[in-house]
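See structure below.
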Amino acid sequence: GFYGRFVRHLGQTTRQLMLESRHALIETDRLSAAIGAAYGVLCLDRFEGMTKAVTRRLARELDWQILPDGGHVGRNPRILVDLLLDLLPLRSLYAAKGMEPPRELSGAIDRMMPQIRMFRHGDGALALFNGMGTTQPEQLATLLAYDDARAQPMTEARYSGYARMEAGSALVIADVGHVVDIWSSGQACAGPLAFEFSSGRQRLVVNCGAPSSASPEIERAARSTPAHSTLTLNDDSVAHFVGIGGEQLLLGGPKVVSCRREVEATGSVVIEGAHDGYVGRYGMTHERLLRLSGDGRELTGRDRLSGALRGGEDLPGVLRFHLHPTVTIAPMEGGMAALMSTPAQEIWIFEAGGMPVVVEESVFFAGPDGTRRTSQIVVAFDVRETREALWRFRRSERPSRKPAEAGSGDAQLL
């Protein structure tokens with residue numbers, strides 16, 4: 001009796017998933033339902049006649065939602081992990097049933113693996129973009145063990161909107177994509193041109209990440225622009241949130257985002273991008289250039305605002321660099337620089353081309369032990385007076401009382 005009721009329940013669930021795979025508004029819900037329905041029809045004898053139809057539905061969703069570079073339309077690295085944990089055994093299940101998996105299934109798996117490697121820092125954690133929270137190392141290790149090609153990390157994902165540069169032991173991962181479509185934005189964040197920076201196994205600059213469980217207010221704050229290592233104007237987020245069907249979806253944001261990545265003759269790697277997320281409100285386009293030196297010991301940046309400023313009042317601009325909780329930081333040189341130290345005894349010095357450098361509190365939501373306090377570097381300026389900010393992270397062998405001595409001029413920063 002129990003067995004009969006159990007199988008009938010599985011059948012009802014499979015039928016419901018088949019409906020959800022066609023009609024769910026949120027794209028990740030449709031794909032999850034299609035995957036669940038595929039498991040159902042493959043495992044329940046009474047559904048064998050529906051296998052082809054469900055497989056076609058799964059193939060269509062994979063073809064639509066997994067981009068040519070392996071990213072998901074929602075741009076969340078965590079979605080890739082969750083999907084692979086479902087799709088790898090599903091591919092094996094097709095083989096166990098003596099059936100050829102759809103080419104869209106195998107193709108999606110093969111494309112997603114290199115992109116997951118693209119987001120990995122030296123400590124094995126994934127970069128905190130667009131809803132990514134705590135990395136489960138055992139899950140990631142399991143997935144990468146199935147990567148037959150042992151693919152190298154991608155350096156540029158044009159469809160997903162990410163770029164990566166490595167030199168020496170240093171690594172930079174940048175968000176150079178637009179805000180996603182509203183129906184794909186259930187976990188997306190408003191962090192255009194944000195970046196993360198690590199040295200070896202030590203993460204230095206991060207984004208705040210997604211909390212595992214939090215109130216709607218905290219979740220929205222974690223997804224807003226000030227929670228990312230990028231530029232904000234008037235402390236406004238470039239996109240706003242609307243509640244639909246119990247989901248907090250992202251509305252608005254940059255429509256035009258450009259990116260250029262190149263390796264210079266000196267060995268330095270450059271990422272240059274721009275976005276129009278603040279044009280509607282303030283008339284300003286944000287341009288960011290990141291340059292990682294060939295030896296990985298220096299990361300320099302330039303943030304520039306262009307356009308016709310709207311309104312008659314002062315407009316505060318703020319550069320934020322959120323730090324990993326294991327990084328210790330202290331102001332130096334009378335507030336014109338800051339000294340960072342790591343558990344690995346590395347010393348990094350930050351300076352902003354003669355602009356004041358302030359250390360403030362921040363929050364790190366993606367710790368394995370929950371939310372943790374951390375620090376952020378803040379460089380504030382008035383947009384009416386300053387349209388360009390130059391800054392630099394420089395590795396030092398030992399603390400120096402005059403970190404700006406070798407490059408105190410703005411021109412020397414870049």
message: Using salt bridge (charged side-chain N to carboxylate O under 4.0 Å, His left out), reason through Glu48 and Arg46 one step at a time and then give a plain yes or no.
response: CA-CA 6 Å; Glu48 286 181 342; Arg46 67 177 70 179; over 6 Å; no

Is a donor on one side and an acceptor on the other found under 3.5 Å between the side chain of [X] and the backbone of [Y]?
X	Y	result
Arg223	Gln248	yes
Thr230	Pro192	yes
Asn130	Cys189	yes
Arg22	Met18	yes
Thr374	Leu323	yes
Asp175	Gly177	yes

task: Fit a plane to each ring of Phe2 and Phe6, take the angle between them on a 0 to 90° scale, and name the class: parallel (under 30°), tilted (30 to 60°) or perpendicular (over 60°).
output: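 Phe2 and Phe6: parallel rings.
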
Salt bridge flag under 4.0 Å for residues [X] and [Y]:
X	Y	value
Asp236	Arg281	yes
Arg75	Asp181	no
Glu20	Arg30	no

When you check the side-chain N and O atoms of [X] and [Y], is any donor under 3.5 Å from an acceptor?
X	Y	result
Glu196	Ser229	no
His322	Asn207	no
Ser375	Glu361	no
Asn234	Tyr282	yes
Glu346	Ser199	yes
Ser160	Asp69	yes
Ser237	Ser224	no

- prompt: Are Phe364 and His324 close enough that their ring centres sit under 6.0 Å apart?
  reply: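 They qualify: ring centres under 6.0 Å apart.
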
- request: Test salt bridge (charged side-chain N to carboxylate O under 4.0 Å, His left out) on Arg395 and Glu298 and set out the steps.
  value: CA-CA 6 Å; Arg395 184 173 174 178; Glu298 186 171 279; over 6 Å; no

query: Should we say atom OH of Tyr94 is surrounded by more than 12 heavy atoms from elsewhere, each under 6.0 Å from it?
result: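 Yes.
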
message: Counting neighbours of CZ on Arg158 that are heavy atoms of other residues, nucleotides or ligands and sit closer than 6.0 Å, is the number greater than 12?
response: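 12 or below, so no.
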
- prompt: If you take all heavy atoms of Ala227 and Ala222, which pair is closest and at what distance?
  reply: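 For Ala227 and Ala222, the tightest heavy-atom pair comes out as CB-O, 3.5 Å.
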
Side chain proximity check, [X] to [Y], heavy atoms < 4.5 angstrom:
X	Y	value
Ile26	Glu247	yes
Ile35	Leu83	yes
Leu309	Met284	yes
Ile377	Leu319	no

Residues Phe241, Leu251; criterion side chain to side chain contact (heavy atoms under 4.5 Å, CB included); working and verdict: CA-CA 6 Å; Phe241 301 93; Leu251 182 64; over 6 Å; no

- request: Apply side chain to side chain contact (heavy atoms under 4.5 Å, CB included) to the pair Leu390 and Asp303, showing each step before the final yes or no.
  value: CA-CA 7 Å; Leu390 306 177; Asp303 286 278; over 6 Å; no

field: Working for salt bridge (charged side-chain N to carboxylate O under 4.0 Å, His left out), residues Arg260 and Glu262
entry: CA-CA 7 Å; Arg260 176 183 65 89; Glu262 68 173 348; 2.5 Å; yes

- request: Could you walk me through whether Arg164 and Phe119 pass the side chain to side chain contact (heavy atoms under 4.5 Å, CB included) test, one step at a time?
  value: CA-CA 8 Å; Arg164 173 185 173 113; Phe119 289 112; over 6 Å; no

Evaluation steps, salt bridge (charged side-chain N to carboxylate O under 4.0 Å, His left out), between Asp123 and Arg203: CA-CA 8 Å; Asp123 64 353; Arg203 282 184 283 172; 3.0 Å; yes

How long is the gap from [atom1] on [X] to [atom2] on [Y], to the nearest 0.5 Å?
X	Y	atom1	atom2	result
Arg291	Met165	CZ	CE	9.5 Å
Leu58	Leu90	CG	CG	6.5 Å
Glu156	Met118	CD	CE	7.5 Å
Asp86	Leu84	CG	CG	9.0 Å
His72	Asp82	NE2	CG	10.5 Å
Phe381	Thr386	CZ	OG1	7.0 Å

query: When Glu272 is tested against each of Arg288, Arg302, Arg304 for salt bridge (charged side-chain N to carboxylate O under 4.0 Å, His left out), which residue passes?
result: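 Between Glu272 and the candidates, salt bridge (charged side-chain N to carboxylate O under 4.0 Å, His left out) is satisfied uniquely by Arg302.
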
task: List the steps, then state whether side chain to side chain contact (heavy atoms under 4.5 Å, CB included) holds for Ile244 with Ile182.
output: CA-CA 10 Å; Ile244 300 178; Ile182 186 171; 4.3 Å; yes

- prompt: So among Val176, Val179, Val238, which one has a side-chain contact (heavy atoms from CB on, under 4.5 Å) with His275?
  reply: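 Single pass found, and it is Val238.
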
task: From the options Phe197, Trp348, Phe350, select the one residue that forms a ring pair (Phe, Tyr, Trp, His ring centres under 6.0 Å) with Phe321.
output: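 The passing option is Phe350.
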
